[in-house]
Amino acid sequence: MSESLFADASKRLEKALKYASVSEDAIERLKYPKTSLSVSIPVRMDNGSLRIFQGYRVRYDDTRGPGKGGVRYHPNVCMDEVQSLAFWMTFKCAVLNLPFGGAKGGVTVNPKELSRLELERLSRGYIDAIADFIGPDVDIPAPDVYTNPMIMGWYMDQYSIIRRQLSPAVVTGKPLAIGGSLGRDTATAAGAFYAIEALMPKFEQPPEATTVAVQGFGNAGAHLAQMLSKAGYKVVAVSDSQGGVYAKKGLDIPSIRRFKDSHKGIQAIYCEDTVCNVIEHEVITNEELLGLDVDILIPAALENQITEANVNSIKAKYIFEVANGPTTSGADKILEEKGVYVFPDILVNAGGVTVSYFEWVQNRSGFYWTLDEVNHRLKVKMVEETQQIWKIAQELSISMRTAAYVHALNRLGEALSAKGTRDYYINS
Ligand code: GLU
């Protein structure tokens, strides 16, 4: 794509501005990231050589609270991507009314090529490099693509060593035994599931009559596929970065998860289990998955998957964005014209950061909740904000994406204006 990811992301903001009650000053402020940090991380490799990795952390806005957002390990990580992800986090936290601003981090690396010890040294090195930039009241990292609870544990440990003080609230998504929250591992999927369950009845689309394709079989995609199939939806296709499988009659998600865990990839391994005998399936590419004739399409992998180049192949009626930024603004426009309902990332995938917020609250109070308490609170929040955004979309006849931005902008605008606006000073 010639245009930067951030320039494309900003178009959503411009579109929402005319519907939101927000001052010109607030708009101006939200066009720019507050602070961006670029670091180099020296890592001693197992063979004795030294490699320097590039790392980033962007705090986009912290008007409503400390920066919040995950850290991504991926070969394509760059400042433009991290800044865009931090921008989305700002709006996501406002959509869910969490007392956080938006931030994001990343390291340009293919973690699959590192040994476990190299991964640990890189992770601790990343925290050494950004330690002055983060903190429980400043900016709180979490997992994202290809980072996991153990890495978050290393982050907490390294930060605590630097500060000489145990600081569990500096990072969320930690292992349970060292301050993690019950329900954080399934939170992104659970949040998306609650949004789907709140929205689909509006279209009189019962689960049994609903086919679903899920692109991406990481933490969010795999758990969500399983939750949907357990609730009676017919999940006919799933994929990972290597490719996917399709079965008209529906897939057996638990067995795919078992395979993926033991064999590392979905493609061509599905057939090794007995489900193959009862379910005929085809091996498909990621591109083919996006164009399947299903009711619900769930992009749950990376950004820029549905673009102007492939949008015309989309046949799904409803798209729930579990990945961050899977649809470009150009594709969005075409989907809207085609009458496809796109439920945006900043609402649909907000379950993860919501339970991160719960984890942070538990760390700070030292009082830990049951799984039922976590899930109940998550459901209440997801359903409430989903209904409010639906109402805005209906009242203003705008897309759910624009409505979600309007909803977030109203909250961000109020917070930014609480410190004084142009009108306040000029008319004094
Ligand atoms: N990386 C997740 C996201 O994009 C979670 C962020 C968090 O928990 O802070 O929403």
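Order of listing sets the numbers, starting from 1, for every ligand and every atom in it. Not measured: the values here are computed from a predicted model.
The proximity of Asn324 to ligand 1, defined as any non-hydrogen pair under 4.0 Å, is limited to the side chain. Residue Met152 does not touch ligand 1, judged by heavy-atom distances below 4.0 Å.
Contact atoms of ligand 1 toward Lys104: 1 (N), 3 (C), 4 (O) (distance under 4.0 Å to a heavy atom of the residue). Less than 4.0 angstrom separates some heavy atom of Gly69 from each of these atoms of ligand 1: 9 (O). Residue Met89 approaches ligand 1 through these ligand atoms, each under 4.0 Å from one of its heavy atoms: 3 (C), 4 (O), 6 (C), 10 (O). Per-residue contacts place Ser356 under 4.0 angstrom from the following atoms of ligand 1 (heavy atoms of the residue considered): 7 (C), 8 (O), 9 (O).
Contact annotation: the side chain of Tyr159 never approaches that of Asp128 to less than 4.5 Å [non-hydrogen atoms, C-beta and beyond]. In this structure the side chain of Arg57 never reaches within 4.5 angstrom of the side chain of Val82, judged on heavy atoms.
Donor-acceptor pairing under 3.5 Å is lacking for the side chains of Arg184 and Thr172. Asn324 and Asn349 are linked by a side-chain donor-acceptor pair at a separation below 3.5 angstrom, with hydrogens and angles left out of the test.
When every heavy atom of Leu289 is checked against every heavy atom of Val214, the shortest pair comes out as CD1-O, 3.6 Å. Between Tyr194 and Met382, the shortest heavy-atom contact is CB-CB, 4.0 Å.
Taking 4.0 Å as the cut-off, Arg184 counts as a neighbour of ligand 1 on heavy-atom distance. The shortest heavy-atom distance from Arg72 to ligand 1 is not under 4.0 Å.
Aromatic rings from Phe91 and Phe87 are positioned such that their centres are separated by under 6.0 Å.
Under the 3.5 Å distance criterion, the side-chain polar atoms of Glu321 are left unmatched by any main-chain donor or acceptor of Ile298.
With hydrogens left out, the protein atom closest to atom 9 (O) of ligand 1 is Lys68 NZ, 2.8 Å, a heavy atom. Closest protein heavy atom to atom 7 (C) of ligand 1: Ala142 CB, 3.3 Å. Closest to atom 3 (C) of ligand 1, if we only count protein heavy atoms, is Lys92 NZ, 3.2 Å.
The nearest non-hydrogen atom to atom 2 (C) of ligand 1, considering only Gly173, Gly352, Pro143, comes from Pro143.
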